[in-house]
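Okay, structure first, notes after.
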Amino acid sequence: MMWIQKQKTCFQHHKPKHTQSIINVCIDPLSKPVLNCELFLNLRCVHRSFLINMDGKKLEYIGEEALKEIEKLTARADEVQNKILKEILTRNVETEYLNKYMKGSIDVSEFKRCIPVITYKNIYPYIQRIANNGEDSSLITGHPITEMLCSSGTSAGEPKLMPSIAEDLDRRTFLYNLIMPIMNQYIGGLDEGKAMFLYFVKAEMSTSSGLPARTVLTSYYKSKHFKCRAQDPYNDITSPDQAILCNDSNQSMYCQLLAGLVHRHQVLRLGAVFASALLRAISFLERKWVQLCNDIRSGQLDLMIKDPACRSSMLNILTSPDPRLADEIEDICSRPSWKGILCLLWPRAKYIEAVVTGSMSQYISALEYYSAGKLPLVCTMYASSECYFGVNLKPLSDPADVSFTLLPNMGYFEFIPLEENGTFITEVDEEEEEEEVPNDKLVDLVNVSLGCYYELVVTTFAGLYRYRIGDVLQVTGFHNRAPQFRFICRRNVVLSIDNDKTNEEDLHKSITIAKKLLEPYNALLLEYTSYADTSTVPGHYVLFWEIQYVDDSSISLDPKILEGCCIAVEEQLDYVYRRCRTYDKSVGPLEIRIVEQGTFEGLMDLCISQGGSINQYKTPRCIKCNTALKLLNSHVKASFFSPRDPCWIP
């Protein structure tokens, strides 16, 4: 998404004074005046005249024009990338961060030689100065930072805050606008009905300096880009905006499902951002379908919905009693098996759209069960809080084969070469690998090699420079000159159910604290491993513990002691995990399963029998092999769950 500084400056010098104030309202979420949507849509075209492609055209692409732009961008990926980096350096040259290393230079080779490869802890002091101390955005970017986007939690237990500027919303919208033109190549008639997409916001906070702090999706749904979007038959969703924007997830879920059921014969697409969210919706439907049917039958919204905006919006959907529709839904939901329930409730649905790659792949079997394997699982795009990256040009491919084409106008991309197991090819001490990566070892976007593994590094207009995203990707091919990547995993993530991401180090620290509760009873934790159990909704963490008693091997611990160990582990896990457990309720109580003596020796024997080396064997800290899981479960003596939610303070 090429910005041309000269054109922007020219516009600023010649625009009428009243246009400046209106544009400030348009793009600055901190502005107090309220802008009506019609005015926003008109002025957004003015604002977007800054957002041009490499041929000087506006990025207002639909249909064939969108596909043509993808071809242009990918055919000249190297040229686009160079222009992006030069523009970032030109605009941000006077920032404190770049000045520290480049002394006012905007030379690309100087950037690659001098700017270090960093992780969050390196940029954190600058974020804190802006977010908490109220210092100027010019510490890291040449544009006003309009909000901080909450990303995954750190091991210190706090959410990461990612800087975002006004134009970032245009980049995200640009990527969203590519999805339907791509889908229309594979599935026709998507403009002849509705999409039941379940979208949710999270309650936002403010930093000490007054900047909004919220998730990237909450930012988008609350923006004029979403709320003032033009009517589009290809993006006609069943959920009222007021239901999507409701901070109470239960009320939001209820209203969105109700709207989807009312329009069940018009729905052509089903989905949520993440597969886990769609499965939570199915679980919610299992508990609430009787109430939902009552609402449809009576034409009256259940009194549990107290949010005024939700109630008002649903009046336009529940316009009159519809006992016939209620009976249809009741007949389907009252069946003893819910296999294929999605196809029965929404018989015209053509596919399910949700993230099913990475840790979300564990939910594929459940989605296939609820759709009876009749609906393709479509993963359309690759994005994060730090940057939106690319799109899936073959959306009907099997989830295991999904590859994303990185669009070279979304940011400046570099790659750290990795071994297949995710370790560095370069000579970096494994104990220090999070500390420093040699600058000259990074590979440019167009120079990656087919079949090789890399960690993604990004430089953005908003103030991230050579920032390690933490994603391990494999090159699967090229579209023109732009590489296509398969998402492999997050580096060092052991467990994940929803938005939570727990790495081996954090898990070990948590268990180290919890196992001290055993010591007064002469009990020692001999070995442990973990497993993300998604057989129920919500899923939960399972720990397999083998305990050795110092004195009497026949003694058994009081269940309350082991329940205390469960909550002790949870209390030590990070901010995002505790939020998912306590506030979002998207992760269930942690479980400890006590296994018989010798179980972990049996696990070692199993691994060695499958080709492992006894000299190099290490107990796997997360079980992903069904055979190993079956072995562990066959030796479980007892299981215990956390008796309460862990502490979480917004």
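For the numbers below, each heavy atom of this structure counts, side chains included, while hydrogens, waters and symmetry mates do not.
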Donor on one side chain, acceptor on other, [X] and [Y], under 3.5 Å:
{"X": "E546", "Y": "T599", "result": "no"}
{"X": "H508", "Y": "Y528", "result": "yes"}
{"X": "S239", "Y": "Q256", "result": "yes"}
{"X": "N633", "Y": "R593", "result": "yes"}
{"X": "E591", "Y": "Y541", "result": "no"}
{"X": "S252", "Y": "S249", "result": "no"}

Checklist entry - Who pairs with D248 by side chain to side chain donor-acceptor pair (under 3.5 Å), at least two apart in sequence or on another chain? => result Q251
With distance as the sole test, does [X] use its side chain to make a donor-acceptor pair with the main-chain N or O of [Y] at under 3.5 Å?
{"X": "T207", "Y": "A131", "result": "yes"}
{"X": "W338", "Y": "C333", "result": "yes"}
{"X": "S384", "Y": "C387", "result": "yes"}

Item to check | With S634 via side-chain contact (heavy atoms from CB on, under 4.5 Å) - residues at least two apart | outcome: none
Checklist entry - Taking only residues two or more places apart in sequence, or in another chain, which ones meet D645 in a side-chain contact (heavy atoms from CB on, under 4.5 Å)? => result R581, T582, K585
Checklist entry - For the residue pair Y531 and F544, does the interplanar ring angle fall in the parallel (under 30°), tilted (30 to 60°) or perpendicular (over 60°) class? => result tilted
Checklist entry - Taking the six-membered ring for Trp, are Y467 and Y120 parallel (under 30°), tilted (30 to 60°) or perpendicular (over 60°)? => result perpendicular
I want to check something: taking the side chain as every heavy atom from C-beta on, are [X] and [Y] in contact at a cut-off of under 4.5 Å?
{"X": "Y549", "Y": "N522", "value": "no"}
{"X": "Y577", "Y": "D506", "value": "no"}
{"X": "W289", "Y": "L345", "value": "no"}
{"X": "P163", "Y": "L464", "value": "yes"}
{"X": "N439", "Y": "V117", "value": "yes"}

Next on the checklist: Set out, in order, the CA-CA distance, both residues' side-chain angles and the distance that settles salt bridge (charged side-chain N to carboxylate O under 4.0 Å, His left out) for E414 and K441, then state yes or no.
Outcome noted: CA-CA 10 Å; E414 297 174 280; K441 298 300 182 182; over 6 Å; no
Between [X] and [Y], does any side-chain N to carboxylate O distance fall below 4.0 Å?
{"X": "E386", "Y": "R468", "answer": "no"}
{"X": "E368", "Y": "K339", "answer": "no"}
{"X": "D500", "Y": "R579", "answer": "no"}

Next on the checklist: Just verifying a value: how many Å separate L631 CG and L606 CG, rounded to the nearest 0.5 Å?
Outcome noted: 6.0 Å
Checklist outcome for this item: Partner of V356 under side-chain contact (heavy atoms from CB on, under 4.5 Å), picked from S361, C379, S276, is C379
Item to check | Among F404, Y453, F415, ring-ring contact (aromatic ring centres under 6.0 Å, His included) partner for F485 | outcome: F415
